[in-house]
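Note that the coordinates shown come from a computational prediction; the quantities given were computed from them, not determined experimentally. So that the names make sense, note that chain A is the first sequence line, chain B the second, and so on, each numbered from 1.
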2 protein chains.
Amino acid sequence: MQRRVYDCQVGCPVESTLQFISGKWKSVILYHLIEEKVCHFGQLKRDLKDCSTRMLALQLVELEKDKLIQKNIYSEEPLRTDYTLTEFGATLIPVIRAMSEWGDRFNQLNG
Amino acid sequence: MQRRVYDCQVGCPVESTLQFISGKWKSVILYHLIEEKVCHFGQLKRDLKDCSTRMLALQLVELEKDKLIQKNIYSEEPLRTDYTLTEFGATLIPVIRAMSEWGDRFNQLNG
DNA sequence: CAGAATCCCACTCGATACTG
DNA sequence: CAGTATCGAGTGGGATTCTG
């Protein structure tokens with residue numbers, strides 16, 4: 001689950017952005033976090049039907065490393081965790097929003 | 001270079017969008033086409049420094065299959081081709097724009 | 001519930017060489 | 001110039017099992 005290496009010396013802004021959101025499920029995860037504010041692991045697991053447990057965990061780790069999301073652990077039984085956007089992650093809202101709006105329109109036109 | 005399989009029955013709009021732009025270099029190619037209107041193969045090759053010839057060709061084929069871009073062939077010597085956005089491809093401009101704007105801001109703040 | 005660890009195959013994708 | 005063809009190493013990522 002390496003982040004892709006884009007050459008950002010040349011300063012291509014799209015490549016810069018991709019470094020953060022190009023992971024297989026990252027933008028979908030961010031989308032759900034934007035819509036639902038707070039998400040548990042199992043909930044994301046259900047939302048992302050085709051994403052394996054392993055993949056979900058890996059993507060969450062990377063998003064957290066990149067400071068886009070924050071993981072909150074509650075030491076209860078049973079174990080409980082949730083994820084929220086950080087302030088930095090929230091700066092991506094316009095990007096994710098643009099993607100979801102395009103997808104919504106596409107879905108409307110194509111059933 | 002398969003397009004990724006996201007479950008779009010559930011209608012996640014972000015997944016719908018990703019079906020079109022999640023290829024490794026697709027959004028970067030679209031970005032250059034938006035900025036420069038018309039691009040030749042060799043020009044894109046130079047712009048996308050870390051993208052191999054093979055990858056560039058594959059991504060262009062997929063973008064064309066998806067009707068996002070149009071390939072125009074001129075039977076001259078030497079061979080000449082160029083690529084432009086289709087109308088459908090142009091509907092993605094807000095998405096790509098959002099990505100490039102975020103990347104611009106990020107690059108400013110981080111050198 | 002929320003993940004980490006292992007296994008392992010299919011596919012990705014770069015390098016190289018070739019074509020019209 | 002604008003690609004295609006072939007080869008092969010590397011890894012992405014699913015399935016499964018295990019832990020606290």
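Spacing between atom CG of A:Asp82 and atom C1' of C:dA2 amounts to 12 Å, rounded to whole angstrom units. In this structure, A:Asp50 atom CG and D:dG13 atom C1' are separated by 13 Å, rounded to whole Å. Atom NZ in A:Lys26 sits about 11 Å away from atom P in D:dG13, given to the nearest Å. Atom pair A:Leu60:CG and C:dG3:P shows a separation of 7 Å (rounding to whole Å applied). Whole-Å rounding puts the B:Leu63 CG to D:dG3 C1' distance at 16 Å. As rounded to whole Å, 13 Å separates atom P of C:dC1 from atom CG of A:Leu56. Atom NZ in A:Lys49 sits roughly 19 Å away from atom C1' in D:dG13 (whole-Å rounding). Atom pair A:Lys45:NZ and C:dG3:C1' shows a separation of 12 Å (rounding to whole Å applied).
With respect to the salt-bridge test (charged N to carboxylate O, under 4.0 angstrom), the residues A:Glu35 and A:Arg97 qualify.
Note that CG of A:Leu79 is 12.0 Å distant from NE2 of A:His40, once rounded to the nearest 0.5 Å. Here the OG1-CD1 distance, from A:Thr84 to A:Ile69, works out to 8.0 Å after rounding to the nearest 0.5 Å. Within the model, atoms CG of A:Leu33 and SG of A:Cys39 stand 4.5 Å from one another, a figure rounded to the nearest 0.5 Å.
Comparing D:dG14, C:dG14, C:dA4 by their nearest atom to the side chain of B:Arg54 picks out C:dG14. Listed candidates were D:dC1, D:dT4, D:dG14. Nearest to the side chain of B:Thr53 is D:dT4. The side chain of A:Met55 lies closest to D:dG14 when the candidates are D:dG3, D:dG14, C:dA4. You'll find that the side chain of B:Leu79 is closest to C:dG20, out of C:dG20, D:dG14, C:dG3. Side-chain proximity of A:Thr81 to the nucleotides D:dG3, C:dG14, C:dG3 is greatest for C:dG3.
Sorted by first and then second residue, the ring pair (Phe, Tyr, Trp, His ring centres under 6.0 Å) pairs with a member in residues 92-111 of chain A read A:Trp102-A:Phe106, A:Trp102-B:Phe20, A:Trp102-B:Phe88, A:Phe106-B:Phe20; sequence neighbours excluded.
OP1 or OP2 of D:dG3 sits under 4.0 Å from a side-chain N or O of B:Lys71. The shortest distance between the side-chain N/O atoms of B:Arg80 and the OP1/OP2 oxygens of D:dA2 is below 4.0 Å. Checking the phosphate oxygens (OP1, OP2) of D:dA2, a side-chain nitrogen or oxygen of B:His40 falls inside 4.0 Å. A sub-4.0 Å separation between OP1 or OP2 of D:dG14 and a side-chain N or O of A:Lys24 is present.
Among the heavy atoms of the strands, none lies under 4.0 Å from A:Tyr74.
Ranked by how close their nearest DNA chain C nucleotide is to the 5' end, B:Pro78 and A:Pro78 are led by A:Pro78.
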